[in-house]
Amino acid sequence: MRQKIPELKLCSLKLRSLLSAPAMILSMATAAAATGPSWTCVSTKTGALETPNSGRQQTASLVLDVDRDGTDDFVITERSQAPSVVWYKHQGNGHWVKYTIDDQPLHIEAGGDSFDIDGDGDLDVVFCGDFRDDGVWWWENPHPDHQPKVPWKRRTIKSGDDARYQHDSRFGDFDDDGKAEFAWWSQTARRLYLAEVPESPRAAGAWKVTVIFTYSSGPGHEGMDVADMNLDGKVDIVGAGYWFEHAGGTKYVPHRISARANTRTAVGQIVPGDRPEVVLSPGDSDGPLEWFRWDGRRWVAHRLADLIIHGHSLQVADIDGDGHLDVFSGEMGQPGAGKNCKTRIFWGDGKGDLREEVIAVGKAHHESKLGDFDGDGDLDLLGKPYSFEAPCLHLWLQSGVR
């Protein structure tokens, strides 16, 4: 077990039975010694991290190794105040230092991705505009010259059209041509866009953009992940209840998984063998949390929870390191469940039986993510609310399986 970090205050954390008395929590933890990881929670409120800025609309987050030191860093955006984009680096003493990526205010929507756009060996970042902005931008990682107050170079991928509210985006070689593409949704234009990464992206100006899917009615489409859905060796776009199969050139065929189009989307091999499974959670609404498995003819829904309230955070990963994929789900606070918002992990067994555990209550999530933030080799949890108690961030640091 990891040694306790000195001079570290714990933020309020409710474990398993959500008992509050320390002796009862200790007793419960001892009784459940073989059931899952233990966690230490630190936050901006305990002094472990600086707040991103003074704003109260924290929209997007990314997890990536910005400085290539082997430990995951994380990026936070804010759409009402500057700096609009910052990243956090672990200092090795239980604290994280904040670096500026963009020191100007910018209307950034939820969703984004990282990729080595300019081919120089480090990861760059991309974010899209919200309902007020049609821009899509990428920021050039200045590695190895990282200075806390010096912003990165921002470049425009596209602007000047009717596409706003650009919620969720991902990179992938979707047409199997050996080059990456960038895909993103627009809810105002009701389209799914795709752009090839240019040969010389620093000098390219606007990228060539193609519309690969359009819808005319229903809720705004969102949610996106990347996986090889038909096991043909080519990664596919998965989102808004569909997966999109490349059919040559710029043609993509949508295949329906679920009628739920306004959802968070996560894909992984929850049950080994055959196609990967798809997990859907209500993002900006309330509803069930479900995972879908291909039975050879159709996608069959399996219920994890009957009601998730604004479950805007969703990820599939092997959190406890037992070789089986688990599901992380986090509820928003405002809008959302308020002080009753829950942090859940559904522990997988590789057979399709997922056991629910409530890790915390009252800590809101919006695009919260998993990553190894303290560099000890296991997955931790970044908790980023949208506006509930913002500006603030939480980190749940895993101490390994008890």
Side-chain angles (χ1 to χ4, degrees), residues 9-21 24-25 39-49 51-61 74 76-81 108-111 130-131 165 167-168 219-220 222-223 260 262-266 279-290 303-315 327-346 356-370 380-396:
K9 298 178 182 179
L10 301 185
C11 50
S12 60
L13 179 62
K14 300 186 178 182
L15 295 173
R16 308 195 185 284
S17 60
L18 309 181
L19 302 173
S20 59
M24 296 179 74
I25 291 178
W39 306 89
T40 297
C41 184
V42 300
S43 75
T44 51
K45 298 181 183 299
T46 68
L49 308 95
T51 56
N53 57 33
S54 60
R56 298 200 61 187
Q57 296 184 64
Q58 301 174 156
T59 49
S61 69
F74 54 93
I76 304 294
T77 73
E78 217 285 340
R79 69 181 181 188
S80 63
Q81 300 288 332
I108 294 175
E109 185 52 82
D130 67 6
F131 64 94
Y165 202 167
H167 199 301
D168 301 320
E222 63 180 52
R260 299 171 61 190
N262 187 247
T263 58
R264 314 312 298 144
T265 302
V279 186
L280 299 180
S281 170
D284 295 303
S285 60
D286 305 339
L289 174 63
E290 297 175 307
R303 185 69 55 92
L304 284 179
D306 291 332
L307 179 63
I308 299 292
I309 301 173
H310 278 63
H312 206 283
S313 294
L314 180 69
Q315 196 164 349
V327 177
F328 156 64
S329 170
E331 294 179 318
M332 291 179 64
Q334 183 181 354
K339 293 183 178 180
N340 293 319
C341 56
K342 293 181 175 62
T343 306
R344 294 177 171 93
I345 295 177
F346 296 83
E356 178 182 358
E357 179 180 8
V358 177
I359 299 297
V361 175
K363 296 291 183 287
H365 296 276
H366 179 269
E367 291 239 320
S368 295
K369 300 284 179 64
L370 295 161
D380 311 304
L381 172 60
L382 164 67
K384 179 197 73 65
Y386 169 59
S387 61
F388 185 76
E389 297 185 341
C392 70
L393 299 169
H394 308 289
L395 286 178
W396 282 267

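Keep in mind it's a predicted model, so treat the numbers as computed, not measured.
Within the 4.5 Å cutoff, side-chain heavy atoms of R260 are placed close to those of P282. Residues R344 and I308 are in side-chain contact: their nearest non-hydrogen atoms beyond the backbone lie under 4.5 Å apart. Taking the side chain as every heavy atom from C-beta outward, E109 and Y165 approach each other to under 4.5 Å. Annotation: side chain of C392 is in contact with side chain of P385 (closest heavy-atom distance under 4.5 Å). L314 is listed as a side-chain neighbour of V327, based on a closest heavy-atom distance under 4.5 Å. Within the 4.5 Å cutoff, the side chain of F74 has heavy atoms near those of the L49 side chain. Proximity of S329 to F346: side-chain heavy atoms (C-beta onward) are separated by under 4.5 Å at one or more points.
Within the model, atoms CD of Q58 and CG of N53 stand 7.5 Å from one another, a figure rounded to the nearest 0.5 Å. Rounding to the nearest 0.5 Å places SG of C341 at 14.0 Å from NE2 of H312. Atoms CD and CG, on Q315 and L370 in that order, are 4.0 Å from each other to the nearest 0.5 Å. Taking OG1 from T44 and CG from L395, the interatomic distance works out to 9.5 Å, rounded to the nearest 0.5 Å. Between the CD1 atom in I76 and the CD1 atom in I108 there is a gap of 11.5 Å [rounded to 0.5 Å]. The NE2 atom of H394 lies 6.0 Å from the CD atom of E389; values are rounded to the nearest 0.5 Å.
Using modelled atom types, no side-chain atom of E357 and backbone atom of I345 make a donor-acceptor pair closer than 3.5 Å. Proximity of a side-chain donor or acceptor of T77 to a complementary backbone N or O of A60 within less than 3.5 Å is detected. Of the possible polar contacts, none joining the S80 side chain to the G55 backbone as a donor-acceptor pair under 3.5 Å is found. When atom types are taken as modelled, the side chain of E331 and the backbone of I309 share a donor-acceptor pair closer than 3.5 angstrom. With hydrogens and angles ignored, the 3.5 Å screen pairs no side-chain donor or acceptor of S281 with any backbone N or O of L289. A distance-only check finds a donor-acceptor pair linking the side chain of S368 to the backbone of K384 [under 3.5 Å].
Counting all heavy atoms, side chain and backbone alike, W396 lies closest to K363 at CH2-CB, 3.6 Å. Heavy-atom minimum distance, Y386 versus R79: OH-NH2, 3.0 Å. Between G220 and N262, the shortest heavy-atom distance links the atoms O-ND2, 2.8 Å.
With respect to the salt-bridge test (charged N to carboxylate O, under 4.0 angstrom), the residues E78 and R56 do not qualify. With respect to the salt-bridge test (charged N to carboxylate O, under 4.0 angstrom), the residues R264 and E367 qualify.
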Item to complete: Evaluate the criterion side chain to side chain contact (heavy atoms under 4.5 Å, CB included) for residue pair I359 and L381; output intermediate values, then yes/no.
Response: CA-CA 11 Å; I359 299 297; L381 172 60; 5.7 Å; no
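Under the side-chain contact (heavy atoms from CB on, under 4.5 Å) rule, E222 has a single partner from T263, D284, T265, which is D284.
Aromatic ring centres of H365 and F328 lie closer together than 6.0 Å.
A donor-acceptor contact closer than 3.5 angstrom links the side chains of D286 and H310.
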